[in-house]
Amino acid sequence: MQTIHTNSTLQARVQEAMQEIERGCVEFIGKEYIETLVARFYEKGEEFVVKAGFDPTAPDLHLGHSVLLQKLATFQNHGGRVKFLIGDFTATIGDPSGKSETRKPLTFEEVVQNAKTYEDQVFKILDKTKTDICFNSKWLGSLSSANIMQLTAQYSVARMMERDDFTKRFKENQPISIVEFMYPLLQGYDSVALNCDIELGGNDQKFNLLVGRALQRAYNCTKEQSVMTMPLLEGLDGVNKMSKSLKNYIGVTDSANDMYAKILSIDDTLMWRYYELVSARSLTEIANIKRDVETEKLHPKAAKEMLALEITTRFHNENLAIQAKEAFCAIFSNKEIPKDIETKTIKKGEWVCKVLVELGFTPSTSQARRDIKAGALSINQIKQTDENFHFLQEGEFIIKLGKRKFAKIVVVNNI
C-alpha cells in the first residue's frame with residue numbers, strides 16, 4: 001500500500017523524483033503535468049501510463065537502446081506503468097527519422113522473430129510486474145479505410161514537411177513516399193489507443209512524439225501526453241551514435257567478457273556520459289565518484305571498472321561480471337603481454353591499417369585489411385573487424401595481431 005505523506009514530505013519526495021526523471025533528458029514538454037502525476041502517486045497511489053515505442057528492426061538491443069529503458073525504469077520507481085510498445089505494424093512501413101533515405105520495411109516473419117528477442121531482453125532493466133508489452137498491430141491492423149482517412153485529415157502536408165529529414169530529402173530531390181507520411185500519424189495514434197500520459201523517445205523522434213499530443217487533442221482524449229526526449233548515446237568511438245552498422249556498439253546480448261572489455265575501452269570523458277544515461281546509480285552517488293576522480297582519490301580506471309561491473313552484472317549476473325573483470329586483468333597483466341612491447345605514439349584519427357604497417361606488423365595496408373577481416377586484430381581485448389577503423393579517442397590501447405604481435409598505442413590530439 002502506498003504511504004500517504006505530509007505536504008512537506010510529499011513536496012520533497014516529488015522534487016527528488018523529478019531530479020531523477022529529468023536526469024540526462026534533452027527536452028521536456030509538459031513537465032508540470034508529470035510533476036502532478038508523480039505527486040498523485042505519492043499522495044494517493046495512483047499510477048500513470050508511460051509509453052516508449054521500439055520498432056523491431058534488428059534482433060538485438062544495444063546499450064544505446066537501454067538509455068530509454070533506464071528512463072522507463074526510473075518512471076516505474078515513481079508511479080509509472082510502462083507500455084513497452086513493439087511496433088510490429090509500423091516496422092513493416094519504415095521510418096526514416098534522422099536518415100537520408102527510406103528504411104527498408106521488414107517482413108512479418110522478421111518482425112515476429114525480432115519482437116520475441118526484445119521481450120526476452122527488456123526485463124533485464126524493467127520491472128516485469130509494472131510493464132505491459134504491447135503490439136500496435138492490435139489496433140492499427142483493424143483500422144478501416146474510413147478510419148485511415150479520418151487520421152490523415154488531422155495533419156497537412158505542410159506540417160509534415162516541418163520534419164527536418166523530410167525537408168532535407170525534399171531539397172535534395174530524394175524520394176519520399178506517401179506511406180512515410182503515415183508513420184508519424186500511426187505512431188501518434190498509438191498514444192490515443194493506449195491513453196498515454198507520457199511518451200519517451202530519442203531526440204530524433206521529437207516530431208513524431210508531438211504528433212501524439214496533437215492527435216490526443218483531435219480525438220478528444222481526456223489527457224494530453226507529456227513528451228520527454230533523450231539523447232542518442234555515443235558509441236565506442238566516442239563520436240557517432242551507438243549503432244550496429246557503425247560497429248561501435250555494446251550489445252545487450254554480448255558475452256560478459258566482451259561487454260566488460262568494451263565498457264573499459266571507452267574514453268575517460270565519455271565514461272561520465274554513460275554514468276548519467278545508463279547507470280542506475282543515483283545522481284548523488286555519481287557526483288561522489290566524479291569528485292573522488294577529480295581529487296585523485298580514485299583513479300579514472302577504477303571508476304570505469306565500477307561502471308563496467310554494474311552494466312555487466314545487469315545483463316548477466318554478478319559472478320560472470322567478476323569473472324569478466326578477472327579475465328580482462330589477466331590478459332593485460334605482465335603474464336599475458338610481453339614486458340618489452342613497443343610503445344608508439346600516434347595522432348588522433350590515424351587509420352589502423354597505416355599504424356599496423358608502421359609497427360612492422362604487416363607489409364602493406366592491403367595485407368592489414370585482409371588480416372583484420374580474418375579476425376586477427378584485437379584492440380584492448382576486443383576483436384576489431386572493421387578495416388576502416390580510426391583511433392578517434394585519446395588514451396592508451398593495447399593492440400594484438402595474431403598470437404604474438406603486441407604493441408601499446410598512445411593516441412594524442414597533437415604530436
Side-chain angles (χ1 to χ4, degrees), residues 29-30 34 37 47-62 64-76 79-98 103 105-106 108 110-143 147 151 182-216 219 221 223-230 232 252:
I29 300 171
I34 296 179
L37 294 172
E47 289 187 328
F48 49 89
V49 177
V50 184
K51 163 199 165 191
F54 293 80
D55 274 351
T57 53
D60 298 315
L61 299 171
H62 55 62
H65 295 116
S66 75
V67 172
L68 278 184
L69 294 176
Q70 189 61 46
K71 187 60 64 179
L72 290 173
T74 298
F75 271 109
Q76 287 182 325
R81 179 80 193 177
V82 167
K83 301 292 183 179
F84 185 90
L85 178 65
I86 296 178
D88 59 329
F89 186 91
T90 43
T92 62
I93 295 176
D95 175 28
S97 294
R103 188 175 66 196
L106 302 179
F108 177 75
E110 289 173 324
V111 168
V112 171
Q113 182 58 42
N114 292 349
K116 178 61 172 65
T117 62
Y118 275 30
E119 287 191 71
D120 294 338
Q121 295 166 34
V122 298
F123 293 123
K124 294 179 182 294
I125 297 178
L126 298 180
D127 184 338
K128 195 170 186 177
T129 66
K130 300 176 182 179
T131 306
D132 299 316
I133 301 289
C134 309
F135 295 83
N136 63 7
S137 60
K138 181 177 180 180
W139 50 86
L140 295 181
S142 61
L143 290 177
N147 295 146
L151 181 58
M182 288 300 302
Y183 190 97
L185 291 175
L186 294 173
Q187 181 176 331
Y189 191 81
D190 291 340
S191 294
V192 174
L194 292 173
N195 201 27
C196 296
D197 291 294
I198 305 164
E199 183 171 10
L200 308 184
N203 56 352
D204 60 338
Q205 287 284 316
K206 178 183 175 181
F207 182 92
N208 292 9
L209 304 184
L210 292 177
V211 172
R213 281 170 63 91
L215 290 183
Q216 283 182 320
Y219 283 88
C221 294
K223 59 184 69 170
E224 182 177 312
Q225 69 180 20
S226 294
V227 165
M228 177 185 287
T229 60
M230 297 298 296
L232 303 177
V252 168

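Numbering starts at 1 and runs along the sequence shown. Note that the coordinates shown come from a computational prediction; the quantities given were computed from them, not determined experimentally.
For the pair C134/W139, a side-chain contact is recorded, criterion being any heavy-atom separation below 4.5 Å from C-beta on. With a 4.5 Å cut-off on side-chain heavy atoms, V67 and L232 do not count as touching. With contacts defined as side-chain heavy-atom distances shorter than 4.5 Å, the pair F75/L200 qualifies. Residues L194 and N136 are not in side-chain contact: their nearest non-hydrogen atoms beyond the backbone lie 4.5 Å or more apart. Between K128 and T131 the shortest side-chain heavy-atom distance does not fall below 4.5 Å. Residues C221 and V192 have side chains in contact (heavy-atom distance under 4.5 Å, counting atoms from C-beta outward).
Remark: T74 pairs with no residue by the side chain to side chain donor-acceptor pair (under 3.5 Å) rule, at least two apart or across chains. Listed by chain and residue number, nothing satisfies the side chain to side chain donor-acceptor pair (under 3.5 Å) test with S142 (two or more places apart in sequence, or in another chain). The side-chain contact (heavy atoms from CB on, under 4.5 Å) test applied to L37 returns Y33, R40, F48, D197, I198, not counting sequence neighbours. For K138, the side-chain contact (heavy atoms from CB on, under 4.5 Å) criterion is met by no residue, not counting sequence neighbours. In this structure T229 satisfies the side-chain contact (heavy atoms from CB on, under 4.5 Å) test together with V26, E27, N203, K206, L209, V227, sequence neighbours excluded. Remark: D132 pairs with R81, K83 by the side chain to side chain donor-acceptor pair (under 3.5 Å) rule, at least two apart or across chains.
Here the CD-CD distance, from E224 to Q216, works out to 7.0 Å after rounding to the nearest 0.5 Å. Note that OG1 of T129 and CZ of F123 are 9.5 Å apart. Values are rounded to the nearest 0.5 Å. From L215, atom CG reaches atom CG of L210 across 11.0 Å, with rounding to the nearest 0.5 Å. L68 CG to L61 CG: the interatomic distance, rounded to the nearest 0.5 Å, is 10.5 Å. Between M228 atom CE and K71 atom NZ the span is 5.5 Å, to the nearest 0.5 Å.
Side chain to side chain, Q76 and D127 fail the donor-acceptor criterion of an N or O pair below 3.5 Å.
Judged by distance alone, with hydrogens and angles left aside, the side-chain atoms of Q187 form no donor-acceptor pair with the main-chain N or O of V211 at under 3.5 Å. In this structure a side-chain-to-backbone donor-acceptor pair under 3.5 Å is missing from Q225 to S191. Remark: the backbone N or O of G80 is not paired with any side-chain donor or acceptor of K130 at under 3.5 angstrom.
Nearest heavy atoms, S137 versus D88: OG-OD2, 2.5 Å. Considering every non-hydrogen atom in both F84 and L69, the closest pair reads CE1-CD2, 3.5 Å. Scanning both residues, C196 and K223, for their nearest heavy atoms gives O-CD, 3.1 Å. Nearest approach of A52 to L72, heavy atoms of both residues: CB-CD1, 3.8 Å. The minimum heavy-atom distance between L151 and Y189, with the atom names listed, is CD1-CD1, 4.1 Å. For the residue pair L186 and F89, the shortest heavy atom distance occurs at CD1-CE2, 4.0 Å.
Using a 30° and 60° split on the angle between ring planes, H65 and Y118 fall in the tilted class, from 30° to 60°.
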